[in-house]
Undergrad: 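Sharing a structure here in structure tokens format.
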Amino acid sequence: MKILGLIVILNVFFVPALVAQTLDELPLGIRVLAPKNIFPKDAAKSFKFIDNSNGEKPPVFNIKLENGVNPIFNTEVFAAAKSHYAIQSSWKSNGAIKKGDVMLARFSIRSIYAKQESGEAFVYFFVQQAKQPYDKSVITDLSVGPEWKNIEIGFVATRDMNIGEAEICFSYAALAQKVEITNLKLLNFEQKITLDNMPVTRFTYKGREDNAEWRKTALKRIDSIRTAPILVQVVDINGIPVDGVMVSVKMIQSAFIWGTAANEAILANDLPDSENYKRTIKEFFNTAVIENGFKWPRWGAGPERQAETKQAFEWLEKNGFRQRGHNLVWPGFKFAPGIARETATKDTAKFRKIIEEDIRSKMTYTKGRVIAWDVINELLHERDFLKYLPANETVYWFQLAKKIDPLAQLFINDYSMLNSIASPRNIVSYLDTIATLRSNGAPIDAIGVQGHIGRQPRNPEQIISDLDMFKPMGLPVQITEFDINMTDEELQADYTRDFLIACYSHPVVTGFTIWGFWQNKHWKPDAAMFRSDWTPKHNAAVWREWVNEKWKTNETATTNTKGQVTIRGHFGTYEIIVTKNDVTTKAIIQLSKESGPVTIHLDN
């Protein structure tokens, strides 16, 4: 009978390294235990590199020496493989391990680039038996950005392994990405210490503390740029002020977009969780975007698939949601139906025509019913179509969209911004692209920034400075696809709060849309606000507290001797209710920076 070792699954969070490629000294309390480093000393010569990806372009693995001594291992993968184990680097242990030994892996890692929305590379680290059945003592996924991160992973060995019988491994095949690793150590503390006393790499961010100055300043700015006084004057039938009457001021809809991606299947069909889904989306959001139904492969799949999207769209419309359209063109073949690549390579004119037909079909259905469309999605990263089309075709797509629905706000939408040290560089490229399109005649009305956050959030003050870079363009900006993909729910909630505050406090931002809210219908389940059983996570409580309560004015006051009440409210549509002698008088108003006093005439 084969007995498998226990596999320990870890999620690791990171603290930015103060000095790139330098590991901190171990705490004195465990340093005195003199652990043995069983990572091979000649790491630059003793590694093994495996490529079982069968990709069109093989990965590249190389080594460079820092200061002529410290090896930096560089791996570049050009396309994701079916198995994340398909591309690996590994080293055999240079020391014996006993079952129950307490181990500590230490290394520095960063991404040069990663082709995914958060911009973070995705790598697996594991320590395993060097031969079948390859029992693993530890396996953990690592998400890393372009800054060097020092990682510490503690675990307990699950079996005896002599010198060379254990492998220390990294696998890279989950994404197209380029990763660097250095300072590799595997320390064996034997059984002189428990795992609970080992160092743990955890992440926090500057500005998270309760009394952070940046947050105080941002909240003051919100009050200045997002609110105005609502002065209500109550008079009787003769125009005389009425004192002592109750005035209720309730926001019906915020002028600011607080939205979510909506799953079309659960809205269109009577599924077990449809009722909970519909109740939650109505409670938390004022705007929605059909998540997948308008994308070319779904919309182009025929009338039956379209019917589901239309039914979901019409439910949202009936229930008072503003709607954004996503998307008209996503110019990568992997996001298009199979006919796209085949047609592009054979008949460019026909390829242009089928793209145009798809645009016309979607926009004709939604004309006058959506507030916005993401016209081109991820142009900075997905450019397959442009190899086969005229140079100005991207401009034509915007012009066509404006012709079909002149009232819809037309967005360009992209990622890898507001989420890492590389954000400013990516914003410059994005703005250059937008400026070129506009100079060639593209009627771009607004800028979409996706806002996918990985496991290492960006300092909120830097979020604000990143958004400052959009000011000279003079176009409104919306966060179009926000999520935070991590399992540390307290960190996730704190950063949700601070990211919301940073964005809502910035004058260029006019909307904030999250990319889903329920774990079972979320592309990144750890990012959801509600678990599978609909219990709310900490980030749901944050959204409710700030978006649905603090920034959704709902107050009651009594008129003074002048018949007046003044309540400060966030911009939007309000219902004002005045109650006297159990008789109510109602009025609907729009509150903006330019709004004046409101007079309510009582007939009783």
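In this chain, residues are counted from 1 in sequence order.
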Undergrad: Report the distance from atom CG of Asp273 to atom NZ of Lys521, rounding to the nearest 0.5 Å.
TA: 9.0 Å
Undergrad: Val127 versus Ile153: any side-chain heavy-atom pair under 4.5 Å?
TA: no
Undergrad: So which atom in Pro507 and which in Lys471 form the shortest heavy-atom distance, rounded to 0.1 Å?
TA: CG-CE, 4.4 Å
Undergrad: Passes side-chain hydrogen bond (donor to acceptor under 3.5 Å, both in side chains), Glu378 versus Gln450? Steps please.
TA: CA-CA 9 Å; Glu378 300 177 359; Gln450 291 185 9; 3.0 Å; yes
Undergrad: For Met473 versus Leu431, what's the shortest heavy-atom pair and its separation?
TA: CE-O, 3.5 Å
Undergrad: Tell me if the aromatic rings of Phe285 and Phe321 count as close, with their centers under 6.0 Å from one another.
TA: no
Undergrad: Please identify which of these residues, Phe73, Phe107, Phe126, Phe49, meets the ring pair (Phe, Tyr, Trp, His ring centres under 6.0 Å) condition with Phe170.
TA: Phe107
Undergrad: Assess whether a salt bridge exists between Lys524 and Asp483, defined as any Lys/Arg side-chain N lying under 4.0 Å from an Asp/Glu carboxylate O.
TA: no
Undergrad: In the structure I gave you, are the side-chain heavy atoms of Val77 and Leu175 within less than 4.5 Å of one another anywhere?
TA: no
Undergrad: Taking everything shown except Glu56 itself, do over 12 heavy atoms lie less than 6.0 Å from its CD?
TA: no
Undergrad: So, do Asn426 and Leu380 sit near enough that their side-chain heavy atoms are less than 4.5 Å apart?
TA: no
Undergrad: Is the number of heavy atoms from other residues, nucleotides or ligands under 6.0 Å of Ile339 CD1 greater than 12?
TA: no
Undergrad: What distance separates Ile484 CD1 from Phe499 CZ, expressed to the nearest 0.5 Å?
TA: 8.0 Å
Undergrad: Output, in order, the C-alpha distance, side-chain angles, deciding distance and verdict of salt bridge (Lys or Arg N to Asp or Glu O under 4.0 Å) for Asp466 and Arg458.
TA: CA-CA 10 Å; Asp466 289 347; Arg458 185 157 168 77; 2.8 Å; yes
Undergrad: Verify whether one side chain among Ser416 and Tyr430 offers a donor that lies under 3.5 Å from an acceptor in the other.
TA: no
Undergrad: Quick one: list whatever passes ring pair (Phe, Tyr, Trp, His ring centres under 6.0 Å) with Phe335, sequence neighbours left out.
TA: Trp330
Undergrad: What's the spacing between Asp414 CG and Asn377 CG if we round to 0.5 Å?
TA: 7.0 Å
Undergrad: Between Glu147 and Arg110, is there a salt bridge with N-O shorter than 4.0 Å?
TA: no
Undergrad: What's the verdict on ring pair (Phe, Tyr, Trp, His ring centres under 6.0 Å) for Phe530 and Phe284, showing C-alpha distance, side-chain angles and the deciding distance?
TA: CA-CA 12 Å; Phe530 293 87; Phe284 276 73; 5.4 Å; yes
Undergrad: Roughly how far, to the nearest 0.5 Å, is the CZ atom of Arg221 from the NE2 atom of His506?
TA: 7.0 Å
Undergrad: How many angstroms lie between CG in Asn419 and CE in Met417, if you round to the nearest 0.5 Å?
TA: 8.5 Å
Undergrad: Measuring only between side-chain heavy atoms, which start at C-beta, is Phe294 closer than 4.5 Å to Thr366?
TA: yes
Undergrad: Measure the spacing between NZ of Lys136 and CD of Glu167 and express it to the nearest 0.5 Å.
TA: 9.5 Å
Undergrad: For residues Lys362 and Asn327, report the shortest heavy-atom separation together with the two atoms involved.
TA: NZ-O, 2.9 Å
Undergrad: Determine whether a donor-acceptor pair (N or O, by modelled atom type, separation under 3.5 Å) exists between the side chain of Lys537 and the backbone of Glu489.
TA: no
Undergrad: Going by side-chain contact (heavy atoms from CB on, under 4.5 Å), Leu500 matches just one of Trp543, Tyr495, Phe482. Which one?
TA: Trp543
Undergrad: So, does Ser505 use its side chain to make a donor-acceptor pair with the main chain of Ile501 at under 3.5 Å?
TA: yes
Undergrad: Decide yes or no for Tyr113 and Glu76: does some side-chain heavy atom of the first lie under 4.5 Å from some side-chain heavy atom of the second?
TA: yes
Undergrad: Are Asp498 and Arg208 within salt-bridge range, i.e. N to O under 4.0 Å?
TA: no
Undergrad: Closest approach of Ile290 and Gly293, non-hydrogen atoms and distance?
TA: CG2-N, 3.5 Å
Undergrad: Please report the C-alpha distance between Thr487 and Asp526 in whole Å, then the side-chain angles of each, then the deciding distance to 0.1 Å, and finally whether the side-chain hydrogen bond (donor to acceptor under 3.5 Å, both in side chains) criterion is met.
TA: CA-CA 6 Å; Thr487 55; Asp526 288 338; 5.4 Å; no
Undergrad: Please name the pair of heavy atoms, one in Met486 and one in Gly454, separated by the smallest distance, quoted to 0.1 Å.
TA: CE-O, 3.5 Å
Undergrad: Identify the residue among Thr480, Asn413, Val370 that makes a side-chain contact (heavy atoms from CB on, under 4.5 Å) with Arg324.
TA: Thr480
Undergrad: Which heavy atom of Ile266 sits nearest a heavy atom of Asn263, and at what distance?
TA: N-OD1, 3.0 Å
Undergrad: Indicate yes or no: at least one non-hydrogen side-chain atom of Ile427 is less than 4.5 angstrom from one of Val449.
TA: no
Undergrad: When you check the side-chain N and O atoms of Glu490 and His538, is any donor under 3.5 Å from an acceptor?
TA: no
Undergrad: Tell me whether the centres of the aromatic rings in His84 and Tyr124 are closer together than 6.0 Å.
TA: yes
Undergrad: Dump the intermediate steps for side-chain hydrogen bond (donor to acceptor under 3.5 Å, both in side chains) on Arg106 and Asn183, then the final yes or no.
TA: CA-CA 7 Å; Arg106 309 185 83 210; Asn183 295 328; over 6 Å; no
Undergrad: Is the Phe333 to Phe385 ring centre distance short of 6.0 Å?
TA: yes
Undergrad: Quick one: does Thr510's side chain have a donor or acceptor within less than 3.5 Å of a partner on Gln478's backbone?
TA: no
Undergrad: Verify the neighbour count for atom CG of Asp533: are there more than 12 heavy atoms of other residues, nucleotides or ligands below 6.0 Å?
TA: yes
Undergrad: Are Arg298 and Glu264 close enough for a salt bridge, meaning some N to O gap below 4.0 Å?
TA: yes
Undergrad: Any non-hydrogen side-chain atom of Pro460 less than 4.5 Å from a side-chain atom of Arg215?
TA: no
Undergrad: Flag the pair Trp515 / His326 as yes when at least one side-chain heavy-atom distance between them is below 4.5 Å, and no otherwise.
TA: yes
Undergrad: Is the NZ or CZ atom of Lys318 positioned over Trp315's six-membered ring, under 6.0 angstrom from the centre and within 45° of the axis?
TA: no
Undergrad: Would you please indicate if the ring centroids of Phe256 and Tyr504 are separated by under 6.0 Å?
TA: yes
Undergrad: Thr280 vs Trp518, test: side-chain hydrogen bond (donor to acceptor under 3.5 Å, both in side chains). Steps then yes/no.
TA: CA-CA 9 Å; Thr280 305; Trp518 182 44; over 6 Å; no
Undergrad: Glu120 vs Lys149, test: salt bridge (Lys or Arg N to Asp or Glu O under 4.0 Å). Steps then yes/no.
TA: CA-CA 12 Å; Glu120 290 186 338; Lys149 305 299 175 187; over 6 Å; no
Undergrad: Hey, mind stepping through Glu545 and Arg497 against salt bridge (Lys or Arg N to Asp or Glu O under 4.0 Å) and telling me if it holds?
TA: CA-CA 9 Å; Glu545 176 186 0; Arg497 174 201 63 209; over 6 Å; no
